[in-house]
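Lettering of chains follows the sequences in order, A, B, ..., and the numbering in each one begins at 1.
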Number of protein chains: 2
Amino acid sequence: MGTPELTDEYDRFFDELSRMPDINSCIEAICSEFNIQFVTYHLAFHEGKAIDSPYVRTNYPAEWVSQYLTNDYVEIDPVAQNGFKRALPCLWSDLDWTAERSIEFKNDARKHGIGTSGYLIPVTDRKRRRAIVNFASPAKESAWAKKINTIDVLLLECAEILHRKAIVDLYGREDEKPALTPREIQCLNWVAQGKDASSIGLILGISEHTVRDYCKSAKHKLGCASLYQAIHIATMQRLIDPDSLD
Amino acid sequence: MGTPELTDEYDRFFDELSRMPDINSCIEAICSEFNIQFVTYHLAFHEGKAIDSPYVRTNYPAEWVSQYLTNDYVEIDPVAQNGFKRALPCLWSDLDWTAERSIEFKNDARKHGIGTSGYLIPVTDRKRRRAIVNFASPAKESAWAKKINTIDVLLLECAEILHRKAIVDLYGREDEKPALTPREIQCLNWVAQGKDASSIGLILGISEHTVRDYCKSAKHKLGCASLYQAIHIATMQRLIDPDSLD
DNA sequence: ACTCACCCCCCCAAATTTAGGGGGTCAGAG
DNA sequence: CTCTGACCCCCTAAATTTGGGGGGGTGAGT
(Lines give C-alpha, C1' and ligand atoms only; values in the text may rest on other atoms or scores of the structure.)
Protein backbone atom coordinates (compact mmCIF):
# COMPACT_ATOMS: atom_id res chain seq x y z
CA MET A 1 0.00 0.00 0.00
CA GLY A 2 1.20 3.49 -0.77
CA THR A 3 1.46 5.87 2.15
CA PRO A 4 -1.83 7.52 3.05
CA GLU A 5 -0.17 10.93 3.30
CA LEU A 6 0.37 10.74 -0.42
CA THR A 7 -3.28 11.52 -0.92
CA ASP A 8 -2.88 14.91 0.68
CA GLU A 9 -0.27 15.99 -1.82
CA TYR A 10 -2.72 15.27 -4.56
CA ASP A 11 -5.64 17.12 -3.03
CA ARG A 12 -5.39 19.88 -5.58
CA PHE A 13 -5.36 17.43 -8.45
CA PHE A 14 -8.43 15.62 -7.14
CA ASP A 15 -10.13 18.94 -6.67
CA GLU A 16 -9.54 19.86 -10.28
CA LEU A 17 -10.69 16.45 -11.32
CA SER A 18 -13.96 16.80 -9.44
CA ARG A 19 -14.61 20.10 -11.10
CA MET A 20 -14.14 18.88 -14.64
CA PRO A 21 -17.24 18.95 -16.79
CA ASP A 22 -17.09 15.43 -18.17
CA ILE A 23 -15.52 12.07 -17.62
CA ASN A 24 -13.47 12.19 -20.78
CA SER A 25 -11.57 15.22 -19.53
CA CYS A 26 -10.96 13.40 -16.26
CA ILE A 27 -9.59 10.44 -18.14
CA GLU A 28 -7.21 12.66 -20.06
CA ALA A 29 -6.08 14.36 -16.87
CA ILE A 30 -5.49 11.10 -15.06
CA CYS A 31 -3.48 9.73 -17.97
CA SER A 32 -1.12 12.66 -18.08
CA GLU A 33 -0.89 13.05 -14.32
CA PHE A 34 0.16 9.46 -13.72
CA ASN A 35 1.60 8.73 -17.13
CA ILE A 36 -0.93 6.03 -17.87
CA GLN A 37 -1.86 5.02 -21.40
CA PHE A 38 -5.52 4.08 -21.19
CA VAL A 39 -8.20 4.66 -18.59
CA THR A 40 -11.66 3.13 -18.81
CA TYR A 41 -14.74 3.66 -16.70
CA HIS A 42 -17.44 1.03 -17.19
CA LEU A 43 -20.78 1.00 -15.37
CA ALA A 44 -22.46 -2.35 -15.73
CA PHE A 45 -26.01 -1.27 -16.28
CA HIS A 46 -28.62 1.38 -16.53
CA GLU A 47 -31.36 0.98 -13.98
CA GLY A 48 -34.35 -0.50 -15.64
CA LYS A 49 -33.79 0.94 -19.06
CA ALA A 50 -35.53 -0.86 -21.86
CA ILE A 51 -32.45 -0.84 -24.04
CA ASP A 52 -29.26 -2.35 -22.71
CA SER A 53 -26.41 0.02 -23.09
CA PRO A 54 -23.49 0.01 -20.75
CA TYR A 55 -22.11 3.34 -19.70
CA VAL A 56 -18.56 3.32 -20.99
CA ARG A 57 -16.03 6.13 -21.08
CA THR A 58 -12.55 5.39 -22.31
CA ASN A 59 -9.63 6.60 -24.33
CA TYR A 60 -9.03 3.22 -25.90
CA PRO A 61 -8.73 3.46 -29.68
CA ALA A 62 -12.08 3.37 -31.47
CA GLU A 63 -11.20 0.15 -33.27
CA TRP A 64 -10.79 -1.66 -30.00
CA VAL A 65 -13.99 -0.29 -28.49
CA SER A 66 -15.88 -1.37 -31.56
CA GLN A 67 -14.21 -4.76 -31.63
CA TYR A 68 -14.99 -5.27 -27.96
CA LEU A 69 -18.65 -4.42 -28.42
CA THR A 70 -19.38 -6.31 -31.61
CA ASN A 71 -17.69 -9.46 -30.38
CA ASP A 72 -19.32 -9.52 -26.97
CA TYR A 73 -15.85 -9.54 -25.46
CA VAL A 74 -17.39 -8.47 -22.17
CA GLU A 75 -18.52 -12.07 -21.87
CA ILE A 76 -15.01 -13.46 -22.05
CA ASP A 77 -12.81 -10.63 -20.83
CA PRO A 78 -11.52 -11.81 -17.44
CA VAL A 79 -11.11 -8.21 -16.33
CA ALA A 80 -14.80 -7.43 -16.80
CA GLN A 81 -16.01 -10.83 -15.67
CA ASN A 82 -14.06 -10.66 -12.45
CA GLY A 83 -14.30 -6.95 -11.96
CA PHE A 84 -18.04 -6.97 -11.56
CA LYS A 85 -17.83 -9.69 -8.94
CA ARG A 86 -14.77 -9.04 -6.81
CA ALA A 87 -14.52 -6.24 -4.27
CA LEU A 88 -10.82 -5.49 -4.21
CA PRO A 89 -8.55 -3.94 -6.83
CA CYS A 90 -5.98 -6.16 -8.50
CA LEU A 91 -3.45 -6.29 -11.27
CA TRP A 92 -4.66 -7.79 -14.53
CA SER A 93 -1.88 -10.28 -14.17
CA ASP A 94 -3.45 -11.61 -10.98
CA LEU A 95 -6.52 -12.77 -12.88
CA ASP A 96 -6.99 -16.13 -14.52
CA TRP A 97 -6.02 -15.87 -18.19
CA THR A 98 -5.67 -19.57 -18.89
CA ALA A 99 -9.00 -20.17 -20.65
CA GLU A 100 -8.58 -20.53 -24.39
CA ARG A 101 -11.02 -17.71 -25.12
CA SER A 102 -9.19 -15.45 -22.71
CA ILE A 103 -5.97 -16.02 -24.58
CA GLU A 104 -7.57 -15.20 -27.92
CA PHE A 105 -9.04 -12.10 -26.37
CA LYS A 106 -5.69 -11.05 -24.97
CA ASN A 107 -4.01 -11.50 -28.33
CA ASP A 108 -6.65 -9.45 -30.07
CA ALA A 109 -6.21 -6.74 -27.46
CA ARG A 110 -2.48 -6.67 -28.07
CA LYS A 111 -3.11 -6.42 -31.81
CA HIS A 112 -5.11 -3.28 -31.08
CA GLY A 113 -2.30 -1.72 -29.14
CA ILE A 114 -3.50 -2.52 -25.65
CA GLY A 115 -0.67 -3.53 -23.37
CA THR A 116 -1.05 -6.46 -21.03
CA SER A 117 -0.16 -4.48 -17.95
CA GLY A 118 -3.20 -3.16 -16.20
CA TYR A 119 -4.85 -2.42 -12.91
CA LEU A 120 -8.50 -3.10 -12.16
CA ILE A 121 -10.51 -1.22 -9.55
CA PRO A 122 -14.06 -2.41 -8.86
CA VAL A 123 -16.48 0.16 -7.49
CA THR A 124 -19.64 -0.57 -5.53
CA ASP A 125 -21.72 2.25 -4.14
CA ARG A 126 -24.34 2.34 -1.38
CA LYS A 127 -27.04 1.67 -3.92
CA ARG A 128 -25.16 -1.44 -5.02
CA ARG A 129 -24.39 -0.16 -8.44
CA ARG A 130 -21.21 -1.70 -9.71
CA ALA A 131 -18.63 -0.27 -12.02
CA ILE A 132 -15.07 -1.12 -12.97
CA VAL A 133 -12.26 1.30 -13.63
CA ASN A 134 -9.23 0.13 -15.56
CA PHE A 135 -5.80 1.59 -15.96
CA ALA A 136 -3.68 0.18 -18.77
CA SER A 137 -0.09 0.61 -19.73
CA PRO A 138 2.41 -0.73 -22.24
CA ALA A 139 4.98 -0.98 -19.43
CA LYS A 140 6.58 -4.27 -18.41
CA GLU A 141 4.62 -6.17 -15.83
CA SER A 142 7.23 -5.85 -13.08
CA ALA A 143 7.69 -2.11 -13.54
CA TRP A 144 3.94 -1.66 -13.67
CA ALA A 145 3.38 -3.60 -10.48
CA LYS A 146 5.95 -1.47 -8.72
CA LYS A 147 4.37 1.71 -9.99
CA ILE A 148 0.89 0.60 -8.90
CA ASN A 149 2.25 -0.20 -5.51
CA THR A 150 3.07 3.46 -4.99
CA ILE A 151 -0.03 5.04 -6.51
CA ASP A 152 -2.80 2.55 -5.76
CA VAL A 153 -4.46 4.80 -3.20
CA LEU A 154 -4.49 7.67 -5.65
CA LEU A 155 -6.03 5.58 -8.38
CA LEU A 156 -8.69 4.42 -5.94
CA GLU A 157 -9.58 8.02 -5.34
CA CYS A 158 -9.68 8.63 -9.10
CA ALA A 159 -12.00 5.67 -9.53
CA GLU A 160 -14.39 7.06 -6.98
CA ILE A 161 -14.41 10.47 -8.57
CA LEU A 162 -15.12 8.93 -11.95
CA HIS A 163 -17.99 6.95 -10.49
CA ARG A 164 -19.54 9.97 -8.81
CA LYS A 165 -19.34 11.87 -12.07
CA ALA A 166 -20.98 9.00 -13.95
CA ILE A 167 -23.83 8.82 -11.46
CA VAL A 168 -24.43 12.55 -11.68
CA ASP A 169 -24.29 12.28 -15.46
CA LEU A 170 -26.81 9.46 -15.51
CA TYR A 171 -29.22 10.33 -12.76
CA GLY A 172 -28.55 13.99 -12.12
CA ARG A 173 -27.46 15.52 -8.84
CA GLU A 174 -25.79 12.85 -6.75
CA ASP A 175 -27.87 10.27 -4.93
CA GLU A 176 -30.91 10.46 -2.80
CA LYS A 177 -32.93 7.32 -3.10
CA PRO A 178 -33.09 5.09 -0.04
CA ALA A 179 -30.59 2.31 0.27
CA LEU A 180 -31.85 -1.00 1.59
CA THR A 181 -30.10 -2.75 4.44
CA PRO A 182 -28.24 -5.99 3.77
CA ARG A 183 -30.98 -7.97 5.51
CA GLU A 184 -33.68 -6.38 3.44
CA ILE A 185 -31.80 -7.16 0.26
CA GLN A 186 -31.17 -10.71 1.40
CA CYS A 187 -34.84 -11.28 2.06
CA LEU A 188 -35.98 -9.78 -1.22
CA ASN A 189 -33.37 -11.87 -2.92
CA TRP A 190 -34.73 -15.09 -1.48
CA VAL A 191 -38.33 -14.11 -2.08
CA ALA A 192 -37.40 -13.55 -5.72
CA GLN A 193 -36.00 -17.09 -5.78
CA GLY A 194 -39.43 -18.40 -4.87
CA LYS A 195 -38.86 -19.09 -1.18
CA ASP A 196 -41.56 -18.34 1.36
CA ALA A 197 -41.04 -16.49 4.59
CA SER A 198 -40.61 -19.55 6.80
CA SER A 199 -37.98 -21.14 4.52
CA ILE A 200 -36.13 -17.86 4.39
CA GLY A 201 -36.27 -17.67 8.16
CA LEU A 202 -34.60 -21.08 8.32
CA ILE A 203 -32.01 -20.16 5.72
CA LEU A 204 -31.06 -16.91 7.41
CA GLY A 205 -31.48 -18.27 10.91
CA ILE A 206 -34.07 -15.69 11.89
CA SER A 207 -37.77 -15.83 12.60
CA GLU A 208 -40.22 -15.84 9.75
CA HIS A 209 -41.83 -12.81 11.36
CA THR A 210 -38.59 -10.96 10.99
CA VAL A 211 -38.30 -11.99 7.39
CA ARG A 212 -41.71 -10.48 6.76
CA ASP A 213 -40.63 -7.32 8.55
CA TYR A 214 -37.65 -6.94 6.28
CA CYS A 215 -39.80 -7.42 3.23
CA LYS A 216 -42.23 -4.87 4.58
CA SER A 217 -39.61 -2.23 5.23
CA ALA A 218 -37.94 -2.89 1.89
CA LYS A 219 -41.30 -2.45 0.21
CA HIS A 220 -41.83 0.85 2.00
CA LYS A 221 -38.35 2.13 1.29
CA LEU A 222 -38.82 1.40 -2.36
CA GLY A 223 -42.17 3.14 -2.28
CA CYS A 224 -44.04 0.14 -3.54
CA ALA A 225 -47.69 -0.78 -3.20
CA SER A 226 -47.05 -4.50 -3.00
CA LEU A 227 -44.20 -6.86 -2.45
CA TYR A 228 -44.62 -7.91 -6.07
CA GLN A 229 -43.83 -4.41 -7.17
CA ALA A 230 -40.90 -4.29 -4.78
CA ILE A 231 -39.48 -7.44 -6.37
CA HIS A 232 -39.94 -5.90 -9.77
CA ILE A 233 -38.20 -2.68 -8.80
CA ALA A 234 -35.43 -4.47 -6.95
CA THR A 235 -34.85 -6.70 -9.96
CA MET A 236 -34.60 -3.74 -12.28
CA GLN A 237 -32.20 -2.01 -9.95
CA ARG A 238 -30.14 -5.19 -9.85
CA LEU A 239 -30.46 -5.39 -6.09
CA ILE A 240 -31.31 -9.01 -6.62
CA ASP A 241 -28.53 -11.28 -7.64
CA PRO A 242 -28.86 -15.06 -7.44
CA ASP A 243 -25.09 -15.36 -7.40
CA SER A 244 -24.76 -13.67 -4.07
CA LEU A 245 -27.40 -15.52 -2.11
CA ASP A 246 -27.11 -16.31 1.54
CA MET B 1 -45.39 -3.24 -51.05
CA GLY B 2 -43.21 -5.31 -53.35
CA THR B 3 -44.82 -8.26 -55.01
CA PRO B 4 -44.90 -11.36 -52.81
CA GLU B 5 -43.67 -13.53 -55.69
CA LEU B 6 -40.42 -11.69 -55.47
CA THR B 7 -39.54 -13.67 -52.38
CA ASP B 8 -39.56 -16.91 -54.36
CA GLU B 9 -36.88 -15.68 -56.74
CA TYR B 10 -34.68 -15.06 -53.75
CA ASP B 11 -35.23 -18.39 -52.09
CA ARG B 12 -31.74 -19.53 -53.01
CA PHE B 13 -30.20 -16.39 -51.59
CA PHE B 14 -32.10 -16.73 -48.31
CA ASP B 15 -31.07 -20.34 -48.16
CA GLU B 16 -27.43 -19.42 -48.45
CA LEU B 17 -27.93 -16.71 -45.88
CA SER B 18 -29.43 -19.13 -43.38
CA ARG B 19 -26.50 -21.45 -43.80
CA MET B 20 -23.84 -18.85 -43.14
CA PRO B 21 -21.82 -19.38 -39.98
CA ASP B 22 -22.10 -15.91 -38.52
CA ILE B 23 -24.06 -12.73 -38.72
CA ASN B 24 -21.19 -10.70 -40.08
CA SER B 25 -21.04 -12.86 -43.19
CA CYS B 26 -24.78 -12.39 -43.59
CA ILE B 27 -24.37 -8.67 -43.36
CA GLU B 28 -21.71 -8.71 -46.07
CA ALA B 29 -23.89 -10.87 -48.27
CA ILE B 30 -26.92 -8.66 -47.86
CA CYS B 31 -24.91 -5.56 -48.63
CA SER B 32 -23.60 -6.89 -51.88
CA GLU B 33 -26.83 -8.60 -52.92
CA PHE B 34 -28.94 -5.47 -52.55
CA ASN B 35 -26.20 -2.91 -52.99
CA ILE B 36 -26.64 -1.49 -49.51
CA GLN B 37 -23.87 0.33 -47.67
CA PHE B 38 -24.41 -0.56 -44.03
CA VAL B 39 -26.47 -3.20 -42.26
CA THR B 40 -26.87 -3.34 -38.51
CA TYR B 41 -28.50 -5.90 -36.28
CA HIS B 42 -29.16 -4.73 -32.75
CA LEU B 43 -30.77 -6.84 -30.02
CA ALA B 44 -31.87 -4.72 -27.11
CA PHE B 45 -30.80 -6.90 -24.26
CA HIS B 46 -29.39 -10.07 -22.85
CA GLU B 47 -31.84 -11.92 -20.68
CA GLY B 48 -30.96 -11.35 -17.08
CA LYS B 49 -27.25 -11.01 -17.59
CA ALA B 50 -25.45 -9.18 -14.82
CA ILE B 51 -23.53 -7.01 -17.24
CA ASP B 52 -25.48 -4.94 -19.72
CA SER B 53 -24.19 -5.41 -23.18
CA PRO B 54 -26.33 -5.09 -26.24
CA TYR B 55 -25.85 -7.63 -28.99
CA VAL B 56 -24.73 -5.58 -31.97
CA ARG B 57 -23.47 -6.73 -35.34
CA THR B 58 -22.73 -4.19 -37.99
CA ASN B 59 -20.43 -3.12 -40.77
CA TYR B 60 -20.47 0.50 -39.69
CA PRO B 61 -16.97 1.94 -39.40
CA ALA B 62 -15.35 1.28 -36.03
CA GLU B 63 -15.12 4.99 -35.25
CA TRP B 64 -18.85 5.35 -35.51
CA VAL B 65 -19.59 2.27 -33.40
CA SER B 66 -17.25 3.56 -30.73
CA GLN B 67 -18.66 7.04 -30.89
CA TYR B 68 -22.19 5.69 -30.62
CA LEU B 69 -21.35 3.61 -27.56
CA THR B 70 -19.28 6.09 -25.62
CA ASN B 71 -21.77 8.90 -26.12
CA ASP B 72 -24.86 6.90 -25.23
CA TYR B 73 -26.27 7.78 -28.61
CA VAL B 74 -28.75 4.98 -28.21
CA GLU B 75 -30.56 7.33 -25.83
CA ILE B 76 -31.05 10.01 -28.42
CA ASP B 77 -30.95 8.16 -31.73
CA PRO B 78 -34.54 8.35 -33.03
CA VAL B 79 -34.00 5.16 -34.99
CA ALA B 80 -33.17 3.13 -31.88
CA GLN B 81 -35.66 4.91 -29.64
CA ASN B 82 -38.52 4.35 -32.05
CA GLY B 83 -37.35 1.05 -33.37
CA PHE B 84 -37.67 -0.70 -30.04
CA LYS B 85 -41.22 0.56 -29.63
CA ARG B 86 -42.90 0.51 -32.99
CA ALA B 87 -43.99 -2.63 -34.76
CA LEU B 88 -43.76 -1.72 -38.43
CA PRO B 89 -40.77 -0.97 -40.63
CA CYS B 90 -40.25 2.57 -41.80
CA LEU B 91 -37.84 4.85 -43.55
CA TRP B 92 -35.53 6.84 -41.32
CA SER B 93 -36.96 9.94 -42.92
CA ASP B 94 -40.38 9.07 -41.53
CA LEU B 95 -39.13 9.47 -37.98
CA ASP B 96 -39.09 12.65 -35.97
CA TRP B 97 -35.67 14.29 -36.28
CA THR B 98 -36.64 17.72 -35.07
CA ALA B 99 -35.27 17.49 -31.52
CA GLU B 100 -32.05 19.42 -31.10
CA ARG B 101 -30.16 16.39 -29.86
CA SER B 102 -31.39 14.39 -32.82
CA ILE B 103 -29.98 16.98 -35.19
CA GLU B 104 -26.58 16.91 -33.49
CA PHE B 105 -26.65 13.16 -33.62
CA LYS B 106 -27.50 13.18 -37.31
CA ASN B 107 -24.68 15.59 -38.06
CA ASP B 108 -22.21 13.50 -36.18
CA ALA B 109 -23.41 10.46 -38.08
CA ARG B 110 -22.88 12.21 -41.37
CA LYS B 111 -19.39 13.22 -40.29
CA HIS B 112 -18.66 9.53 -39.80
CA GLY B 113 -19.79 8.70 -43.29
CA ILE B 114 -23.27 7.44 -42.52
CA GLY B 115 -25.80 8.59 -45.08
CA THR B 116 -29.17 9.88 -43.99
CA SER B 117 -31.10 7.43 -46.10
CA GLY B 118 -32.05 4.36 -44.17
CA TYR B 119 -34.69 1.75 -43.52
CA LEU B 120 -35.60 0.45 -40.08
CA ILE B 121 -37.13 -2.96 -39.44
CA PRO B 122 -38.19 -3.77 -35.89
CA VAL B 123 -38.29 -7.43 -34.93
CA THR B 124 -40.32 -8.94 -32.13
CA ASP B 125 -40.34 -12.67 -31.59
CA ARG B 126 -42.72 -14.93 -29.73
CA LYS B 127 -40.70 -14.52 -26.60
CA ARG B 128 -41.08 -10.76 -26.90
CA ARG B 129 -37.43 -10.15 -27.51
CA ARG B 130 -37.03 -7.03 -29.56
CA ALA B 131 -34.37 -6.21 -32.07
CA ILE B 132 -33.92 -3.63 -34.78
CA VAL B 133 -32.33 -4.15 -38.16
CA ASN B 134 -31.14 -1.14 -40.10
CA PHE B 135 -30.18 -0.70 -43.72
CA ALA B 136 -28.30 2.46 -44.59
CA SER B 137 -27.30 4.01 -47.86
CA PRO B 138 -25.64 7.18 -49.17
CA ALA B 139 -28.34 7.38 -51.86
CA LYS B 140 -30.69 10.32 -52.17
CA GLU B 141 -33.82 10.00 -50.11
CA SER B 142 -36.19 9.76 -53.08
CA ALA B 143 -34.18 7.11 -54.89
CA TRP B 144 -33.80 5.17 -51.63
CA ALA B 145 -37.53 5.28 -50.92
CA LYS B 146 -38.24 3.94 -54.38
CA LYS B 147 -35.70 1.18 -53.97
CA ILE B 148 -37.09 0.17 -50.57
CA ASN B 149 -40.53 0.05 -52.08
CA THR B 150 -39.44 -2.77 -54.33
CA ILE B 151 -37.33 -4.79 -51.90
CA ASP B 152 -39.03 -4.22 -48.53
CA VAL B 153 -40.36 -7.77 -48.36
CA LEU B 154 -36.93 -9.16 -49.04
CA LEU B 155 -35.31 -7.03 -46.34
CA LEU B 156 -37.97 -8.19 -43.90
CA GLU B 157 -36.97 -11.76 -44.63
CA CYS B 158 -33.32 -10.80 -44.12
CA ALA B 159 -34.15 -9.20 -40.78
CA GLU B 160 -35.83 -12.36 -39.61
CA ILE B 161 -32.94 -14.52 -40.64
CA LEU B 162 -30.52 -12.25 -38.83
CA HIS B 163 -32.64 -12.41 -35.69
CA ARG B 164 -32.85 -16.20 -35.77
CA LYS B 165 -29.09 -16.37 -36.12
CA ALA B 166 -28.61 -14.00 -33.21
CA ILE B 167 -30.88 -16.06 -30.98
CA VAL B 168 -29.07 -19.25 -31.88
CA ASP B 169 -25.79 -17.49 -31.24
CA LEU B 170 -26.91 -16.27 -27.84
CA TYR B 171 -28.99 -19.11 -26.50
CA GLY B 172 -27.94 -22.03 -28.63
CA ARG B 173 -30.26 -24.12 -30.76
CA GLU B 174 -33.34 -22.05 -31.57
CA ASP B 175 -36.03 -21.54 -29.01
CA GLU B 176 -37.87 -23.82 -26.72
CA LYS B 177 -38.87 -22.01 -23.60
CA PRO B 178 -42.58 -21.37 -23.12
CA ALA B 179 -43.97 -18.11 -24.41
CA LEU B 180 -46.57 -16.41 -22.30
CA THR B 181 -49.84 -15.28 -23.81
CA PRO B 182 -50.59 -11.58 -24.10
CA ARG B 183 -53.09 -11.77 -21.26
CA GLU B 184 -50.60 -13.47 -18.98
CA ILE B 185 -48.02 -10.83 -19.69
CA GLN B 186 -50.56 -8.07 -19.14
CA CYS B 187 -51.50 -9.46 -15.76
CA LEU B 188 -47.91 -9.92 -14.64
CA ASN B 189 -47.20 -6.44 -15.85
CA TRP B 190 -49.93 -4.93 -13.69
CA VAL B 191 -49.03 -7.06 -10.71
CA ALA B 192 -45.49 -5.72 -11.03
CA GLN B 193 -46.92 -2.21 -10.93
CA GLY B 194 -48.37 -2.95 -7.52
CA LYS B 195 -51.99 -3.54 -8.49
CA ASP B 196 -54.00 -6.30 -6.85
CA ALA B 197 -56.15 -8.81 -8.64
CA SER B 198 -59.43 -6.94 -8.33
CA SER B 199 -57.99 -3.65 -9.63
CA ILE B 200 -56.43 -5.48 -12.53
CA GLY B 201 -59.78 -7.09 -13.24
CA LEU B 202 -61.34 -3.65 -13.48
CA ILE B 203 -58.52 -2.31 -15.64
CA LEU B 204 -58.64 -5.18 -18.08
CA GLY B 205 -62.39 -5.57 -17.91
CA ILE B 206 -62.25 -9.19 -16.79
CA SER B 207 -63.06 -10.96 -13.55
CA GLU B 208 -60.54 -10.94 -10.75
CA HIS B 209 -60.73 -14.73 -10.77
CA THR B 210 -59.54 -14.67 -14.34
CA VAL B 211 -56.68 -12.37 -13.45
CA ARG B 212 -55.60 -14.85 -10.80
CA ASP B 213 -55.87 -17.65 -13.34
CA TYR B 214 -53.55 -15.83 -15.71
CA CYS B 215 -51.04 -15.21 -12.99
CA LYS B 216 -51.23 -18.84 -12.01
CA SER B 217 -50.62 -20.10 -15.52
CA ALA B 218 -47.86 -17.57 -16.12
CA LYS B 219 -46.17 -18.73 -12.95
CA HIS B 220 -46.42 -22.35 -14.09
CA LYS B 221 -45.16 -21.65 -17.59
CA LEU B 222 -42.17 -19.85 -16.14
CA GLY B 223 -41.55 -22.76 -13.80
CA CYS B 224 -41.68 -20.62 -10.72
CA ALA B 225 -42.42 -21.54 -7.13
CA SER B 226 -44.18 -18.31 -6.32
CA LEU B 227 -45.65 -15.36 -8.12
CA TYR B 228 -42.84 -13.29 -6.65
CA GLN B 229 -40.32 -15.40 -8.48
CA ALA B 230 -42.41 -15.15 -11.62
CA ILE B 231 -42.31 -11.36 -11.39
CA HIS B 232 -38.56 -11.54 -10.90
CA ILE B 233 -38.04 -13.78 -13.90
CA ALA B 234 -40.44 -11.84 -16.08
CA THR B 235 -38.69 -8.62 -15.16
CA MET B 236 -35.31 -10.06 -16.06
CA GLN B 237 -36.65 -11.32 -19.37
CA ARG B 238 -38.06 -7.87 -20.02
CA LEU B 239 -41.55 -9.30 -20.37
CA ILE B 240 -42.63 -6.49 -18.11
CA ASP B 241 -42.61 -3.04 -19.55
CA PRO B 242 -44.42 -0.16 -17.83
CA ASP B 243 -44.51 1.68 -21.14
CA SER B 244 -46.81 -0.81 -22.72
CA LEU B 245 -49.40 -1.18 -20.02
CA ASP B 246 -53.08 -1.67 -20.64
C1' DA C 1 -64.17 -33.27 -36.89
C1' DC C 2 -60.71 -32.81 -34.18
C1' DT C 3 -57.19 -31.05 -31.26
C1' DC C 4 -54.71 -27.21 -29.33
C1' DA C 5 -53.97 -22.82 -27.64
C1' DC C 6 -55.97 -19.22 -26.04
C1' DC C 7 -59.58 -16.80 -23.53
C1' DC C 8 -63.06 -16.32 -19.83
C1' DC C 9 -65.56 -17.48 -15.40
C1' DC C 10 -66.30 -19.66 -10.71
C1' DC C 11 -65.55 -22.24 -5.93
C1' DC C 12 -63.08 -23.64 -1.62
C1' DA C 13 -59.80 -24.92 2.03
C1' DA C 14 -55.21 -24.07 3.40
C1' DA C 15 -51.46 -21.20 3.47
C1' DT C 16 -49.45 -16.78 3.16
C1' DT C 17 -49.23 -11.89 3.20
C1' DT C 18 -50.58 -7.46 5.06
C1' DA C 19 -50.88 -3.82 8.33
C1' DG C 20 -51.13 -2.86 12.63
C1' DG C 21 -49.10 -3.36 17.26
C1' DG C 22 -45.18 -4.52 20.50
C1' DG C 23 -40.29 -5.05 21.85
C1' DG C 24 -34.91 -4.72 21.88
C1' DT C 25 -29.54 -3.14 20.86
C1' DC C 26 -25.90 -0.13 19.54
C1' DA C 27 -23.39 3.89 17.54
C1' DG C 28 -22.98 8.50 16.76
C1' DA C 29 -24.70 13.37 17.55
C1' DG C 30 -25.90 16.88 20.36
C1' DC D 1 -25.84 11.40 28.98
C1' DT D 2 -29.84 11.29 26.58
C1' DC D 3 -31.62 11.04 22.06
C1' DT D 4 -32.21 9.55 17.45
C1' DG D 5 -31.91 6.46 13.76
C1' DA D 6 -30.71 2.16 11.91
C1' DC D 7 -30.83 -2.19 12.64
C1' DC D 8 -32.87 -6.40 14.68
C1' DC D 9 -36.81 -9.31 16.64
C1' DC D 10 -41.74 -10.98 17.63
C1' DC D 11 -47.10 -11.13 17.59
C1' DT D 12 -52.16 -11.12 15.82
C1' DA D 13 -56.37 -10.27 13.12
C1' DA D 14 -57.86 -9.40 8.62
C1' DA D 15 -57.17 -9.86 3.91
C1' DT D 16 -55.16 -12.11 0.06
C1' DT D 17 -52.94 -15.64 -2.40
C1' DT D 18 -52.35 -20.47 -3.56
C1' DG D 19 -53.41 -24.78 -5.56
C1' DG D 20 -56.75 -27.71 -6.34
C1' DG D 21 -61.07 -28.38 -8.71
C1' DG D 22 -65.10 -27.26 -12.01
C1' DG D 23 -67.35 -24.96 -16.09
C1' DG D 24 -67.75 -22.42 -20.53
C1' DG D 25 -66.25 -20.13 -25.30
C1' DT D 26 -63.43 -19.01 -29.95
C1' DG D 27 -60.40 -19.65 -33.96
C1' DA D 28 -56.46 -21.91 -36.41
C1' DG D 29 -54.53 -25.81 -38.19
C1' DT D 30 -54.70 -30.98 -39.40
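Remark: A/A44 pairs with A/F84 by the side chain to side chain contact (heavy atoms under 4.5 Å, CB included) rule, at least two apart or across chains. Not counting sequence neighbours, the partners of B/F34 by the ring-ring contact (aromatic ring centres under 6.0 Å, His included) test are B/Y10, B/F13. Taking B/L202 as the reference, nothing meets the side chain to side chain contact (heavy atoms under 4.5 Å, CB included) condition, with sequence neighbours excluded. Contacts of A/D22 classified as side chain to side chain contact (heavy atoms under 4.5 Å, CB included), with partners at least two apart in sequence or in another chain: A/N24, A/S25. When the side chain to side chain contact (heavy atoms under 4.5 Å, CB included) test is applied to B/Q229, the partners found at least two apart in sequence or on another chain are B/C224, B/A225, B/S226, B/I233.
Per the geometry, CD1 belonging to A/I206 stands 19 Å off P belonging to C/dT25, to the nearest Å. Atom pair B/E184:CD and C/dC7:C1' shows a separation of 10 Å (rounding to whole Å applied). Taking atom CD1 of A/I185 as the reference point, atom P of D/dC8 lies 11 Å away to the nearest angstrom. The OH-P distance, from B/Y214 to C/dA5, rounds to 15 Å in whole Å. Whole-Å rounding puts the B/I200 CD1 to D/dT16 P distance at 13 Å.
Axis angle across the helix from C/dC2-D/dG29 to C/dG30-D/dC1, with five pairs used at each end and values rounded to 10°: 40°.
A salt bridge between A/R164 and A/E160 is absent, with no side-chain N of the basic residue lying under 4.0 Å from a carboxylate O of the acidic one.
Annotation: ring pair (Phe, Tyr, Trp, His ring centres under 6.0 Å) contacts involving residues 198-226 of chain B, sequence neighbours excluded, are absent. Annotation: salt bridge (Lys or Arg N to Asp or Glu O under 4.0 Å) contacts involving residues 184-196 of chain B, sequence neighbours excluded, comprise B/E184-B/K221.
Distances shorter than 4.0 Å separate none of the side-chain N or O atoms of B/K221 from OP1 or OP2 on C/dA5. In this structure, B/T181 does not reach the C/dA5 phosphate: none of its side-chain N or O atoms is under 4.0 Å from OP1 or OP2.
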Please encode protein proximity along nucleotides 10-20 of chain C as a string of B, S and -, counting only heavy-atom distances under 4.0 Å. BS----SBBBB
